[in-house]
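Nothing here was measured: the structure is a model prediction, and the numbers come from that model. Letters A, B, ... mirror the listed sequences (proteins, then strands); counts begin at 1.
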Amino acid sequence: MTVLDVRPPSGTHRERRTRAQRLRAWLLLHRIDLLIVLGLLTVAAFVQATNLQGWPQYFEDESTYVSQAWAVQTRGQLSHYTYWYDHPPLGWIQMAAWTWLTGAWERLGSGVQAGREVALVANLVSTTLLFVLARRTGMHRAIAVAVTLLFLLSPLSVYFQRMGLLDNMLLPWALGAFVLAYSPRHRLVASVGAGCCLAIACQMKITSGAYLPILLWILWRRTPKPNRRYTLAMYLGSFAFAGSFWGLMALLKGELFPDTPEWFPGDEHVSLLGTQRWVLFIRGGSGGSIFDPESGGYYLIHQSLLSQDRWLLGAGLGAAVMLLLVRRYRWIGVTFLLLCVSIIRSTTLSWPFFAQFLPWAALAVGAVLDTARRGLTRARVPDWAAATAAVGVVALAATQFAATWVERIQLAHTHRSNDPYDEAADWLAANIDPDDTLLVDNTVWIDLVLQGHDPDNVVWFWKLEHDPEIIEKYGDWRSFDYVVSSSFVRDTTHLGMVPQMEKAIENSMPVAEFVEPGFEREAVVIGRVVSGDVADATAVAEPTADAPVTPLLPSSSLSSSPSPPVTASEGYIPEPSPKNSDDRPPDPDLFLPGQELLIRPLRD
Amino acid sequence: MGGMLLYTALIILVVLFIGVSGTTLTWMLWAWRTPEQVVRTAFPPVREPAHSFSLLVPARHEQGVLYDTLAQLAEQDHPDFEIVCIVGHDDPETMAVACRAEAAFSMVSVVVDENWPKNKPKALNTALPVCRGDVVGVFDAEDHVHPELLRHVDTMLQEPDIDMVQSGVQLMNFWSNWYSVRNVLEYYFWFRSRLHFHAAAGFIPLGGNTVFLRTRVLRRYGGWDADCLAEDCEVGVRLSSAGHRTAVAYEPAMVTREETPPSFGSLLRQRTRWNQGFLQVLRKGEWRRLPGPRQRALAIYTLAMPFAQAFAGLLIPFAVVSVLLLKLPVSLTLFSFVPLMLILLTLVAEVVGLGEFGRLFRVRVRLRDYASLVLGTVPYQVMLAMAAVRAAAREYRGDRSWEKTLHVGAHLREAGTGEIG
C-alpha cells in the first residue's frame, strides 16, 4: 500500500535535509570507487591530453567531421557540402555543441584539434562508465581498475582514443546504455534511458545497432518478473522512437528513398536508403577477406593494427571465447565476438570501428580474471595465495607490456606528426590572397575557413570529383589557383578515384613543401596550379623550395573503375592496384611508429 | 517576425505537449518503476479485525443488479459490519429489491432518501447519521466485491493515523465494444499505478467506491458536498487538506469489479460529470489549504488535466497542419515529433498492460482487443475532449444536474435490466 502523507510545511524541510543526508551517505558509501575513478580520469587525461594535436597524424575523417560540425554551428546545416546520409549526423552535432559551448574555434584556431578535444571529453566519460559497468557486472574493484587501465593504456587505445572519430563520440552513449541496463535496482526508467542512449549511439553511427540484442538479453536476464515486460517494452519502444529521428528527417526532406533503383552512379538526388544500400551492399568487395594476404583487409589488420598492439585484441578474443562458458559474463564474450564477426563478414573494413573493440576486449579480459578470482574464492584458496597469484599476473603482464606501452605513450607525448599541416596553414595564411581559389583536403579546408578564408574559394577535392553542385560551380581543376595535397592523397591519386585532383597535382608547381620530423618525404605540398598559361604560372609569389615542376608521382592512366558516389567514400579501401608495385605495403621492418597513417589505405 | 512568433508559439506548444504526455506516461508506469515498488503497492499482511464498518450502497433504478450486490456484500469475511442500502422515495422497484435483501440478510438495512432533485452525495448524507460503524465504506449497486476486502481494509486502518483508504476498482469487460478496452485500461493504470503516485506525491482524487473513511472524521467535516458532481474527489481533497492521511492499495484478487458504461453516450455523460466535478472542486479551492506548493501544483494539474487534454486535443490538428503545410525548419519539425514519440511509447505500455491484465484476471485477450486498443486511441481522445468541452459548457451555464451512468452488469457476464438514473 502507499500512504498519502499530509504534513505541515516543516515536512518539506525535513525532506530536504534527508536529501542532503542521502547524498552524503551515497558519497560515503562510494568513496573508494569515487577516488579510484578520479585517479583513472587523471591517468586518462595525462595520457591523452598531452600533445593531443601533435600525434597521431591528422586523419581525413577527423577533419571531415569537424568541418561538418563547423557547418552545423555556423550555417545550421549538417554538412559543409550536400549532406548525403553517409553517417547519421548526431556525432558531429555533439561536436558542434562542444565547439559552440566552449568557443573552441576561436580558442584553438585548428579544426581537427577541436574534434580531438571532444574525443578527450568523450573518452573521460567512457573511462568512468567502463569502470562503473565493470563494477556493476560484479567484477572485483581491482579487476575493474585493471579493465579500465587496459582500455586507457594499451597502444591501440593511446592511438585511437586521441582522434575525433565517430566511434569515440558514440562510445559514452553505448557504454551508458549498458551501465543503465545494469541498473542495480532494476529501475524501469533505466531501461528507457538504455534505449535512448543506444538510439543516440545509433544516430552517430548505425553500426551501434549491433548492441541492441545484447542489451535486450541483459535486460531480459536481469530484470525480476514483476516489471520485466514493461522493462523490455520500454527499452525497445524508446529505442525505436528515439532512433527514428534520422529516418524521419530524411523523410521530411524527401530524401528517404532514392529516385531510381540503381542509385549509383548518376543520381543527383541524395537519399538515406540509397546511400546506405550503397554502403552496405554495393561498394563492398574492396576490403576483401582479412584472411587473404593479398587483400586490403589483411593489410589493415596485420600491418596497421596488430603491428601496434597484438596483445589486447588477441587476449580479448581468447577471453571472449572462454567467456562463452561463463554464465555471468557470457554476454561480454558474445559482444566482442559479435564485433569480430561483423568485421570479418563486412566486405568493407572500417578502420575506426576498431576503436569500439577496445572497451570490450578489456572487459572480456577482466571478466576472465574475475571468473578465476571467483573460482579461487569458491575453492577456499587462502588469501595470501590468491594475492600472490594476482601479483604474479600483474608482474608477468608488466614484463611483457610495460616497455612497449611506455614507449608508445612517450611517442604520443612527444612526436609532432602534424607540424607540416600547421605550417602549411600558416604559410597559406601569409601568402595567398583572399580571392585565390584552392583545391584542398578537409584538414586544410577547415583551417583555412577558420582563418577567415571564404568557404566558396576553398574546395574539398572529393567534392570536385563527385558533388554535381560543386562540379557545375567550378568546372574542373583549371578553376583553382592552388592545390594543397597530403602525401596520402598523392600516394593514392593513381587509383583513379580523384582524377581532377590528380590533374591538378600534375599541372601544379610546388611552391611550398612541409616535411614531418624524422621523415624525408613531404607530408604536405602546396602547388600553384598551372593551367597552360605560363605567364600565370610565373606570377607566383616566390616559392619557398626549389622543387621540380614535374609531378611528384608518376601518374597512371585514369582508372576505369566505377565512379564512387557523390562524396568521399568514407570507410572505403581502395583496391590495391595490380599494375603498380609501389602500392605494396612497405616492409614491416621499415614501419615506424607514427607513420601508420601515411601508409594506411583506409578511410572511414 | 510573423515566422518567429509562429515558431515560438509552436515550441511552447510542443514543450507543453511533452510535459503532459511525459507526466502521463511516467505516472501511468509509476508502480512498475522498480520490482519492489510493484510489491509495495499491494495490501500489507492481514491482522485481526479492530474496526466496525458501515457499507453504504446508494441505488437508483438498479433493481436488476442490486440484490446480487447486497447478497454478495453480506458474505464479507469480517466480524463486524452493516450494510446500508439507500433508495429514492420515487423508485419503488429498487426499493422492493432492497427490502427483499433486508429481509434475507440480518446486516442489511434500507434508508429512504427523500431529497429532490436526487444525486449520490445527498443519498450518502442521508445515510450518514444512521451509520453505526467506526468506518464508512461506499459501494455502487453493481459492484462485485471480494469477500476478504474488509479484513484487508481493517488492517490498513490499523496503520498509524490512517483515516481514509482507497482500494482498487477495476472495469472488467474490455471485450464489449471499441472503447471498453481503453476504458478498462484507464482504470487499470489509474488504480494499479497512478493513484499510488498521487498518494506518494501528496494529492489524491479519491474514487467513487471501494473507498473507506472514518465515520467520526466524516461527520466532523459535514459529510459529502451535496452540490458537487464529484463528491468522492471533493471529500478526499477536503480531508487531505485538513491533514488526514490516506492509504491506497491494489491487489488484482481484491479489486472491486465493475463494468464499462454500456453505450458511447453514457460513457460521454459519465466523463462529462467527472470533469465538471473536478472543475467544481478546483473552483471550490479547498486544495489551497494543502500544505506544500508541490501538492497544490499537483492538485491544480490533476483537476485541470481533462481540460489540458481537451485543449491539447483541439490543438493537435492545428499543430499537424502547421507542421505539414508551413515550410518549417526541419529541426523544429523533428522537435514537434517528440510528443508523438511519447504518445506512441504510452501506447506500447498500454499494449503490455492489456496483456498483463489478461494474465492477472485470467481473461483471454484476443488480437481484436489489441486492435481496438490501438485503433481506438484517437477516437477515445476525441471523446475525452468532447467530455471536457461539455463539462466546461455545463459548468459555465450553471447546469449541475446529475447525468447518471447506466449499468447492465456486463462485467458479471450476464444480462441486466438497468435503466438510466
So which part of [X] gets closer than 4.5 Å to some heavy atom of chain A, the side chain, the backbone, both or neither?
X         : result
Gln166(B) : neither
Glu159(B) : side chain
Arg289(B) : neither
Leu195(B) : neither
Phe203(B) : backbone
Ala42(B)  : backbone

Could you grab the distance from atom [atom1] of [X] to atom [atom2] of [Y], nearest 0.5 Å is fine?
X         : Y         : atom1 : atom2 : answer
Leu252(A) : Leu332(B) : CG    : CG    : 11.0 Å
Thr333(B) : Lys253(A) : OG1   : NZ    : 11.0 Å
Ser238(A) : Leu344(B) : OG    : CG    : 12.5 Å

Closest contact, heavy atoms only, Pro35(B) versus Pro224(A): CG-CG, 3.5 Å
Considering non-hydrogen atoms only, spot the tightest contact between Gly237(A) and Leu345(B) and give its length. C-CD1, 3.4 Å
Heavy-atom distance under 4.5 Å to chain B: side chain of Ser244(A), backbone, both or neither? side chain
Taking non-hydrogen atoms and a cut-off under 4.5 angstrom, which of residues 185-193 of chain A neighbour chain B? Arg185(A), His186(A), Arg187(A), Leu188(A)
Could you list the residues that satisfy side-chain hydrogen bond (donor to acceptor under 3.5 Å, both in side chains) with Thr74(A), not counting sequence neighbours? none
Look at atom [atom1] of [X] and say whether more than 12 heavy atoms of other residues, nucleotides or ligands are closer to it than 6.0 Å.
X         : atom1 : value
Arg229(A) : CZ    : no
Glu469(A) : CD    : no
Trp173(A) : CH2   : no

In terms of heavy-atom pairs under 4.5 Å with chain A, which of [options] leads?
options                                    : answer
Val248(B), Val38(B), Thr26(B)              : Val248(B)
Gly355(B), Gly353(B), Ala201(B), Ser331(B) : Gly353(B)
Val330(B), Thr41(B), Leu334(B)             : Leu334(B)

Can you sort out the partners of Tyr182(A) under ring-ring contact (aromatic ring centres under 6.0 Å, His included), two or more places apart, ordered by chain and number? Trp331(A)
When only pairs under 4.5 Å are counted, which of Thr223(A), Leu248(A), Leu232(A), Leu236(A) shares the most heavy-atom pairs with chain B? Leu248(A)
How about Phe245(A) and Val338(B): do any of their side-chain heavy atoms sit closer than 4.5 Å? yes
Arg40(B) vs Thr2(A), test: side-chain contact (heavy atoms from CB on, under 4.5 Å). Steps then yes/no. CA-CA 7 Å; Arg40(B) 215 179 297 148; Thr2(A) 315; over 6 Å; no
Which pairs, with at least one residue in residues 217-237 of chain A and sequence neighbours excluded, count as a ring-ring contact (aromatic ring centres under 6.0 Å, His included)? Tyr230(A)-Trp32(B)
